[in-house]
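To start, the structure under review is shown below, and the notes come after it.
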Amino acid sequence: MDNFFESAYSIAQQIKDNSITSKEVVSKYFDNIESKNSELNAFLITDKQAAIRQAEIVDQKIQAGQQVGTLAGLPVAIKDNICTDDFTTTCASKILREWKPPYNATVIQKLISQDAIILGKTNLDEFAMGSSTEHSAFGPTKNPVDPSRVPGGSSGGSACAVKTDMASVALGSDTGGSIRQPAAFCGIVGMKPTYGLVSRYGLIAFASSLDQIGPFGKTVKDCALVLNAISGHDPYDSTSLDIKSDDYLQYVDRDLKGIRIGLIEEFDEVLDVSLRENLESATNLFKQNGAEIVKVSLPYVKYALSTYYLIAPAEASSNLARFDGVRYGLRVDGDNVEEMMINTRTQGFGQEVKRRIMLGTYALSSGYYDAYYKTAQKLRTALISDFKKVYDQVDVIICPTTPTGAFEFGAKLDDPLQMYMSDIFTIPSNLAGHPAISVPFGTDSNGMPLGIQILADGLNDSKVIHVGSALETLRTEG
Amino acid sequence: MEMPANTVKNDIEDFLKDTGFEATIGLEVHCELKTATKLWCSCKNSFGNEPNTLVCPVCLGLPGSLPVLNKRAVEYAIRIGLALNCTVQNSIFHRKNYFYPDMPKDFQISQYDIPINADGYVTLPDGGSVGIVRAHIEEDTGKSTHFSASGRIHESSATLIDYNRAGIPLVEIVSAPDITSSEMAKAYVTELRNIIVATGATDGKMEEGSMRVDANVSVKRIQDSELGTRCEIKNLNSLRSLGKAINYEIKRQVDNILSGQKVVQQTRHFNEDLNQTVTLRTKEEAEDYRYFPEPDLVPLNPGAAWIEQIKAEMPPLLIERRRMVQDLMRETQEIDQLQSAIAILVDLNLDSVFKQTVGIGANPTIALKRLTNEAANAVEAARNLNPEQFAKLIQLETDNKISTTQSKTILSKMLENPDKTLDILISELNIVSFGEAETTALVEQLIKDKPDEFERFKQGDDKVTQFFIGQIMRLSKGQANGKLVTEILMKKRNQF
Amino acid sequence: MTQDKSFISKEQVLHVAALAKLNLSDQEVTKFTAQLSDILGYANELSELELKDVSPTAHPIELENVFRDDTVLKSIDNSKVIQNAPESLNSQFKVPPILDD
Ligand SMILES: [Mg+2]
Ligand SMILES: [Zn+2]
């Protein structure tokens with residue numbers, strides 16, 4: 001079957017129907033891992049034996065007619081900043097090189113309880129700080145469409161694994177675009193759910209008020225399938241929302257009648273020609289199929305990048321303090337405990353992590369807190385109220401996921417500010433805590449995939465799935 | 001050389017008078033809450049366990065772990081706030097960032113500009129008052145043990161860390177700088193301790209470290225309006241150390257100023273062996289804590305209804321319990337140091353058995369004396385005294401049926417044998433009642449046997465009085481009531 | 001991007017590194033001073049905004065009073081706690097001596 005790998009949803013159905021075994025499926029994916037991973041470096045660690053063993057258990061359950069979970073037998077990849085007690089969890093950092101957590105993240109427990117098969121852990125920018133997966137202590141992941149280019153980041157390994165059929169679906173984390181941007185760069189679907197919809201317990205924090213775990217898939221439907229499994233209230237996460245669960249699969253394959261779609265005025269001026277054309281053709285498809293297009297204004301959105309690069313590093317500087325060589329991970333000795341801590345952190349963290357810790361420490365330090373951190377928090381309020389007004393007028397907003405397609409390795413490494421600009425369209429949703437999805441749409445002048453992003457108000461995850469799925473259908477039909 | 005406490009106290013008072021200085025002291029008291037679990041996780045809150053056996057990803061600060069607030073800890077913090085006359089308000093948590101190996105996350109979750117309790121006060125037994133600026137919730141750190149041959153930190157070769165204590169809920173009570181002497185500081189800490197222990201939120205054991213005091217001390221010339229530069233003395237773990245550290249610090253700072261130097265803002269440590277405070281770090285090296293709102297926690301808004309419920313379910317406040325005892329003491333004869341006896345009774349949690357006993361009709365003065373003296377040696381048993389039997393015992397003493405000595409003997413047996421009735425105890429102890437009739441009979445017999453001595457007694461030889469009492473005690477095998485014997489003897493002398 | 005104005009000095013960079021327990025090489029100090037200055041210069045656009053009456057948002061979602069019951073659950077095995085320790089002794093974490101306390 002040529003398009004066997006194209007739908008995790010259909011694979012799951014076939015496993016459940018007993019028309020294919022999970023063991024066969026897992027083996028197929030491992031064939032790909034074995035032939036592709038050494039070049040692309042999407043996975044940092046896999047465990048074939050354990051995966052096959054798990055698959056056999058699921059197969060036995062199915063053959064015995066027992067009830068199985070919604071992800072039964074499905075091979076899943078996990079970004080390596082999510083704690084797993086069967087695999088090391090490194091955050092792609094030297095400082096956690098051999099760390100094996102004594103516990104599973106809540107999302108891992110949920111995947112296991114739905115009988116998913118965890119293949120291994122995927123590469124990322126160290127501590128999820130970056131937009132290219134170049135900042136991994138274990139070497140970069142390559143873009144499968146053009147291996148001279150970056151896969152995006154920070155969840156580059158997960159995006160690459162799904163694109164190349166090394167995993168059927170994957171989990172990533174998105175703090176400023178780290179799921180959606182690599183999804184766009186690799187030509188797959190990636191979704192950041194509403195803040196609080198998916199538990200963060202066991203996700204190694206980068207910026208706690210922005211981080212959110214979400215799915216990668218080949219299709220919007222696959223993302224909905226995974227979101228069903230991982231969302232829900234978690235008593236171990238105080239910021240987890242205690243709301244009625246929804247079945248996100250039901251929003252796939254609906255029509256667009258009555259849907260109002262917003263275009264952000266302020267983004268017009270920053271779009272180059274090719275991106276504007278790409279957005280226009282998406283807009284036209286929506287319009288032709290019954291959606292109403294509305295121009296909307298988010299006056300404060302142009303400050304989102306500044307706001308983000310004060311808040312995220314500030315929280316990170318505090319979250320990453322615990323990596324001090326005392327309890328786990330790397331230790332580089334010293335004559336006294338303070339020297340030991342300094343030596344450990346100095347040798348354990350890479351350049352980008354240090355840069356952000358420095359930036360965040362400065363933004364919080366005495367005398368600068370009000371000017372930087374507090375001002376950024378006020379901007380956050382202003383942006384949220386902008387969004388509120390817009391969502392009185394429209395159901396969703398659409399915009400490009402990224403300002404360019406995937407760039408070449410090294411292109412932005414020495415200019416962090418340019419690198420940060422990659423997140424200009426994804427950051428606003430993180431600041432507001434809103435859901436957003438990136439759906440592949442069009443290519444840039446280099447033939448690299450581009451993504452269209454669909455944003456919605458908090459807790460309207462169903463709307464981004466609805467409109468994202470519609471765009472996917474229109475793209476393939478058109 | 002250690003001087004007796006009184007000498008030191010007088011010394012420092014004289015010293016301040018002579019030099020024209022006065023001291024300003026503010027205290028920060030950390031107390032551990034008596035919850036079943038820690039502040040952010042479900043590990044047991046318990047003292048004295050094997051190292052690192054009461055830990056989990058959360059209290060070890062493992063990557064990916066998140067805190068969830070213990071509801072009971074909030075309830076206890078509110079109890080403390082109410083007992084300290086604070087405003088209980090909506091609050092949030094902040095992170096206080098500094099690196100220290102016994103702090104698992106290298107930041108402490110605490111409350112900063114908006115604490116749960118603010119603006120209260122403590123009334124001292126002498127009528128004075130100390131303001132409470134805030135009483136906020138925060139987490140405890142782990143415990144480090146320093147290794148070395150000499151036992152001195154500066155020469156230690158390694159440090160071992162046990163995180164069992166990490167994450168235990170604390171309330172930090174910050175006083176206003178209303179304290180002016182080490183004596184007042186000790187009185188404040190004692191009273192504060194009694195108040196918060198009575199809420200049931202904490203056990204206030206300074207020896208076990210469940211209550212720790214930091215003292216901020218500054219001095220200034222009496223005529224100056226501005227406060228002097230202050231130094232903070234960390235981790236004082238007994239009233240004794242508190243008093244000594246403050247006195248040492250006052251003297252050190254005044255000496256400093258008198259010799260033309262400036263007091264440098266510092267954090268200091270009280271060295272028990274040297275009996276002096278030593279520099280820990282100066283302000284220039286002091287930390288920049290980079291406080292910011294804890295993003296992993298949400299605001300804490302207890303609301304009027306919950307606060308009311310906590311108030312209703314709270315054990316009665318210390319001050320109310322003392323007042324209740326005081327009310328029962330009215331219309332009775334004055335006793336020495338009544339207030340301090342009442343305070344002891346309540347601190348020992350014997351006010352409830354007292355109230356029941358007096359309620360049955362027992363004499364409050366005798367009940368108070370027995371409970372705060374004899375019974376205080378067996379507090380647990382005393383709390384379980386049968387009020388009826390105890391009241392009967394006091395009645396026998398009140399009616400002069402038994403002597404005070406007999407009464408005390410019976411009470412001590414009663415404490416040891418809670419199931420035995422008063423009658424059984426009396427018969428087991430072979431207590432013979434020497435009331436008016438029995439004693440009179442004995443006295444008359446003695447007068448008959450010793451006519452010469454009685455003659456001398458009548459003529460006013462008081463030495464013979466002692467002889468007669470001694471004789472009667474011997475005849476009664478020590479069970480006669482001396483006071484009653486004297487009374488009857490005097491009556492006889494007047495009759496003849 | 002070049003700035004007329006430096007938004008952070010080398011001394012400040014060194015101070016921040018000390019607060020964050022990082023040692024920077026001379027080269028890193030120079031590089032970070034320039035890069036942080038760039039980023040802070042960009043973020044300086046916020047300082048021109050009128051935000052006096054805007055309250056800060058620490059959280060994107062409006063939640064309050066999230067509690068846990070005070071019920072003891074099992075802690076993790078001491079061996080699992082210590083297995084990741086770079087150095088340990090008698091079930092405790094062992095570190096080089098602490099200088100000031
Ligand atoms: Mg404190
Ligand atoms: Zn714990």
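Naming convention: chains lettered A, B, ... in sequence-line order (proteins, then strands); numbering from 1 in each chain.
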Does a donor on one side chain sit under 3.5 Å from an acceptor on the other, for A:Asn104 and A:Thr84?
no
Proximity breakdown for A:Leu359 and chain C, heavy-atom pairs closer than 4.5 Å:
both
Any residues in residues 316-323 of chain A near chain C, with a heavy-atom distance under 4.5 Å, and which are they?
none
Heavy-atom proximity to chain C below 4.5 Å, by part of A:Asp324
neither
Check whether C:Ser47 reaches the backbone of C:Asn44 with its side chain - one donor and one acceptor, N or O, closer than 3.5 Å.
yes
Answer with side chain, backbone, both or neither: which region of A:Met358 has an atom nearer than 4.5 Å to a non-hydrogen atom of chain C?
both
Heavy-atom contact with chain C under 4.5 Å, split by part of A:Tyr103:
neither
Contact part of C:Leu24 toward chain A, heavy-atom cut-off under 4.5 Å: side chain, backbone, both or neither?
side chain
Name the region of A:Ala432, side chain, backbone, both or neither, that has any atom closer than 4.5 Å to a heavy atom of chain C.
backbone
Pairing donors with acceptors under 3.5 angstrom, does anything connect the side chains of A:Gln212 and A:Arg200?
no
Side-chain donor-acceptor pair present, A:Ser422, A:Ser131, cut-off under 3.5 Å:
no
Residues C:Glu45 and A:Ser306: side-chain donor-acceptor under 3.5 angstrom
yes
Need one label for C:Lys31: side chain, backbone, both or neither, based on atoms under 4.5 Å from any heavy atom in chain A.
side chain
Answer with side chain, backbone, both or neither: which region of A:Gln351 has an atom nearer than 4.5 Å to a non-hydrogen atom of chain C?
both
Toward chain C, the part of A:Asp333 with a non-hydrogen atom under 4.5 Å
side chain
Between C:Leu51 and chain A, with a heavy-atom cut-off of 4.5 Å, which part of the residue counts as in contact: side chain, backbone, both or neither?
both
Residue C:Leu63 versus chain A: region with a heavy atom under 4.5 Å:
side chain
Just checking A:Tyr391 against A:His434, ring centres under 6.0 Å apart?
yes
Student check: side-chain heavy atoms of A:Glu266 and A:Tyr300 closer than 4.5 Å
no
Chain C contact via A:Ser385 - which portion, at a heavy-atom distance below 4.5 Å
neither
Honestly, the part of A:Thr344 sitting under 4.5 Å from a heavy atom of chain C is neither
With a 4.5 angstrom heavy-atom cut-off, which part of A:Tyr368 approaches chain C: side chain, backbone, both or neither?
side chain
Top contributor to chain A interface from C:Val13, C:Ile8, C:Leu40, C:Asp77 [non-hydrogen pairs under 4.5 Å]
C:Leu40
When you compare the side chains of A:Ser93 and A:Glu126, does any donor N or O come within less than 3.5 Å of an acceptor on the partner?
yes
Taking atom types as modelled, find out whether A:Glu98 and A:Thr88 have a side-chain donor-acceptor pair closer than 3.5 angstrom.
no
Does A:Arg327 reach the side chain of C:Asn84, with side-chain heavy atoms less than 4.5 Å apart?
no
Please determine, by modelled atom types, if C:Asn23 and A:Thr346 share a side-chain donor-acceptor pair under 3.5 angstrom.
no
Less than 4.5 Å to any heavy atom of chain C: does that hold for the side chain of A:Pro102, its backbone, both, or neither?
both
By side-chain contact (heavy atoms from CB on, under 4.5 Å), A:Lys100 pairs with (sequence neighbours left out) none
A:Tyr420-A:Tyr309 aromatic ring centre distance below 6.0 Å
yes
